[in-house]
There are 2 protein chains.
Amino acid sequence: MSIRNPKQALYEQFAVVAKALGNPQRLELIEQLAQGPRSVEALAAKLAHPVANVSQHLQAMRRAGLVTSERDGKFVNYRLADESVLAAFASIRVVAERHSAEVERIVRGYFDRRDDMEPVSREELAARMKDGLVTVIDVRPPDEFALGHLPGAINVPLGQLEQRLSDLKAKPEIVAYCRGPWCVMSFEAVALLREHGFRARRMEDGLPEWRDAGLAVEA
Amino acid sequence: MSIRNPKQALYEQFAVVAKALGNPQRLELIEQLAQGPRSVEALAAKLAHPVANVSQHLQAMRRAGLVTSERDGKFVNYRLADESVLAAFASIRVVAERHSAEVERIVRGYFDRRDDMEPVSREELAARMKDGLVTVIDVRPPDEFALGHLPGAINVPLGQLEQRLSDLKAKPEIVAYCRGPWCVMSFEAVALLREHGFRARRMEDGLPEWRDAGLAVEA
DNA sequence: GCATCATTCAATAATTATGTTGAATGAACT
DNA sequence: AGTTCATTCAACATAATTATTGAATGATGC
């Protein structure tokens, strides 16, 4: 159909946005960018993908309005257009969690200790932090931690957690968080901590959701 | 990459859902299904597309978990999996409205009287309806009206509006609504009513949003 | 100016999505 | 049993997406 009415034209534009979200690599880029702005090179390193490939995906997302870019010296930094992009990602995740048998299978297979983990909600954690009853650890890599983290959180990247167990104060409970609701690292951190006798839980969401909820972030 | 970690596998599933939303025809089907369950034939007639084509799109959406189907006699009725699908659609629409220059262009070109139209919010309309100060007209086709509409609304399909102007009581104001926020029919209805001297406005959302907000629907 | 280096472009090949056509399926009814 | 008819399947052609490679761009700093 060559002649389109305005409604069809609008729907095509909505489809452009959805299409831009319809690729696992781009979703991973969004998760990374939700931590903070990044250069193409940094993103390529994180995802372990060729730079040209990442650049193309970023440009596709820019065309769709999901991200913006800004040159800084010889680097081009990309960032999420705004929080509505993360909201769209979240709503797609909800649909998948509710209706995809495959998601359920993956979660069962790899996150089977999930029910044991009794995730802590943002609100609950904020309350417990105020009482000083909890040690909060951020298991993301240091560069992501540096761009913002929960107030008072200590940065213990997952790879170093085992060696640094003695650093953790013997508060009643340890809460681990990372990039977002399905970020694997906090699951593994909690499992490891429990193996060593700590009382540990996950925060339900990651830093981006915490920030979007208007809660305080330390830089 | 043939070996995938659970995170990548999850992201692939999220991408499946987003991809299923990444097609204008499927989005139109979702808008239709948001009005109520429909058979393949009915949907094909609404969209003026071949039945086999619509069937394939519906099956793609079913695989992605967006819709469910149920046989009723010789018809197969499809319906949205749940309200999270409409929420995902809405969040994608928000991203497009905020960041797509093309969407802005379309809206300017075809909906340029939009600012004049001072849309009525659901809450405001609900209040005015209670006071009996407003005539509510549903400009959708009769079959969609029959599946549910605002309490007290009268069904005046857009094509019949001009002939039925005399039916409209001289209440202080007429409010028109249709399928959703970007449904063209309510815009055109308001423009036509104003040309004939009526004081008319649009409701901001459509019936599906009204229903999802928990407000009363008449069958 | 010239070299460096992050990013983008261009060209290719492989895969996947899309629309069309006509035939197959399968439930309902005679 | 056979007919009808809504839906689905199968096969094909076309278009779009994706990853990969190497070259081009363009800003920086010597």
Side-chain angles (χ1 to χ4, degrees), chain A residues 1-4 8 11-30 32-33 37-64 66-79 143, chain B residues 1-4 8 11-30 32-33 37-64 66-79 143:
Chain A
M1 213 179 282
S2 61
I3 295 174
R4 298 188 310 279
Q8 285 176 316
Y11 276 44
E12 275 173 31
Q13 294 309 309
F14 299 158
V16 165
V17 171
K19 246 180 224 168
L21 291 168
N23 175 285
Q25 219 178 121
R26 287 198 291 266
L27 290 177
E28 226 176 322
L29 285 168
I30 287 173
Q32 282 297 328
L33 290 173
R38 285 292 151 72
S39 70
V40 179
E41 188 183 38
L43 290 166
K46 285 269 179 198
L47 272 67
H49 285 141
V51 178
N53 190 351
V54 169
S55 174
Q56 281 183 147
H57 279 306
L58 288 168
Q59 286 173 70
M61 290 198 281
R62 190 174 50 197
R63 279 192 298 273
L66 266 47
V67 302
T68 60
S69 63
E70 188 178 42
R71 183 171 274 274
D72 174 26
K74 40 170 69 172
F75 294 86
V76 174
N77 286 321
Y78 282 83
R79 67 175 68 225
D143 60 316
Chain B
M1 215 180 281
S2 62
I3 296 175
R4 298 189 311 278
Q8 285 176 315
Y11 276 42
E12 275 173 31
Q13 294 308 310
F14 299 159
V16 165
V17 171
K19 245 180 227 168
L21 292 168
N23 175 285
Q25 218 178 122
R26 286 197 291 267
L27 290 178
E28 225 176 323
L29 285 168
I30 287 174
Q32 282 297 330
L33 291 172
R38 286 291 151 74
S39 69
V40 180
E41 188 183 38
L43 291 166
K46 285 269 177 196
L47 272 67
H49 284 141
V51 178
N53 190 350
V54 169
S55 173
Q56 281 182 145
H57 279 306
L58 288 168
Q59 286 174 71
M61 291 199 280
R62 190 175 51 196
R63 279 193 298 272
L66 266 48
V67 302
T68 59
S69 63
E70 189 177 44
R71 182 171 274 274
D72 174 26
K74 39 172 69 173
F75 294 87
V76 174
N77 287 321
Y78 282 82
R79 66 175 69 224
D143 59 316

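Sequence lines set the chain letters: A, B, ... in the order given, protein chains first and strands last, and positions in each chain run from 1.
Looking at heavy-atom distances under 4.0 Å, Gln59(B) makes contact with sugar-phosphate atoms alone, never a base. In this structure, Gln25(B) reaches the sugar-phosphate backbone alone: every heavy-atom distance under 4.0 Å involves primed, P, OP1 or OP2 atoms, never a base.
Side-chain atoms of Gln56(B) lie closest to dA10(D) of the nucleotides dA17(C), dT17(D), dA10(D). Nearest nucleotide to the Lys74(B) side chain, out of dC5(D), dT18(D), dA10(C): dC5(D).
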Is there a side-chain hydrogen bond (donor to acceptor under 3.5 Å, both in side chains) between Ser69(B) and Arg62(B)? Walk through the geometry before answering.
CA-CA 8 Å; Ser69(B) 63; Arg62(B) 190 175 51 196; 2.7 Å; yes
Could you walk me through whether Phe75(B) and Glu41(B) pass side-chain contact (heavy atoms from CB on, under 4.5 Å), step by step?
CA-CA 8 Å; Phe75(B) 294 87; Glu41(B) 188 183 38; 3.3 Å; yes
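Rounding to whole angstrom units, NE2 of residue His49(A) and P of dT21(D) are separated by 13 Å. The interatomic distance linking Asp72(A) (CG) with dG29(D) (P) rounds to 11 Å, in whole Å. The interatomic distance linking Met61(B) (CE) with dA17(C) (P) rounds to 15 Å, in whole Å. In this structure, the CD atom of Glu70(A) is 16 Å from the C1' atom of dA6(C), given to the nearest Å. To the nearest angstrom, C1' of dT18(D) lies 15 Å from CG of Leu58(A). Whole-Å rounding puts the Phe75(B) CZ to dT4(D) P distance at 17 Å. The interatomic distance linking Arg63(A) (CZ) with dC9(C) (P) rounds to 9 Å, in whole Å. Regarding Glu12(A), its CD atom lies at a distance of 13 Å from the P atom of dT18(C), rounded to whole Å.
The phosphate of dA19(D) (OP1 or OP2) has a side-chain N or O of His57(A) nearer than 4.0 angstrom. In this structure, Asn53(A) does not reach the dT18(D) phosphate: none of its side-chain N or O atoms is under 4.0 Å from OP1 or OP2. When the side-chain nitrogen and oxygen atoms of Asn23(B) are compared with OP1 and OP2 of dT18(C), one or more of them lie within a distance under 4.0 Å. One finds a side-chain N or O of Ser55(B) lying less than 4.0 angstrom from the OP1 or OP2 phosphate oxygen of dT8(D). Considering only side-chain N and O atoms, Tyr78(A) lies under 4.0 angstrom from the phosphate OP1 or OP2 of dT8(C).
Leu27(B) and Phe14(A) get closest at one heavy-atom pair: CD1-CB, 3.6 Å.
Between Ala52(A) and Ala52(B), the residue anchored closer to the 5' end of DNA chain C is Ala52(A), taking for each the nucleotide with the nearest heavy atom. Residues Arg71(B) and Ala42(A) each lie close to DNA chain C; by heavy-atom proximity, the contact nearer the 5' end of the strand is made by Ala42(A). Between Glu41(B) and Lys19(B), it is Glu41(B) whose nearest contact on DNA chain D lies nearer the 5' terminus.
Under a 3.5 Å cut-off, the side chain of Arg63(B) and the backbone N or O of Ala20(B) do not form any donor-acceptor pair.
The distance from atom CE of Met61(A) to atom CG of Asn23(A), rounded to the nearest 0.5 Å, is 8.5 Å.
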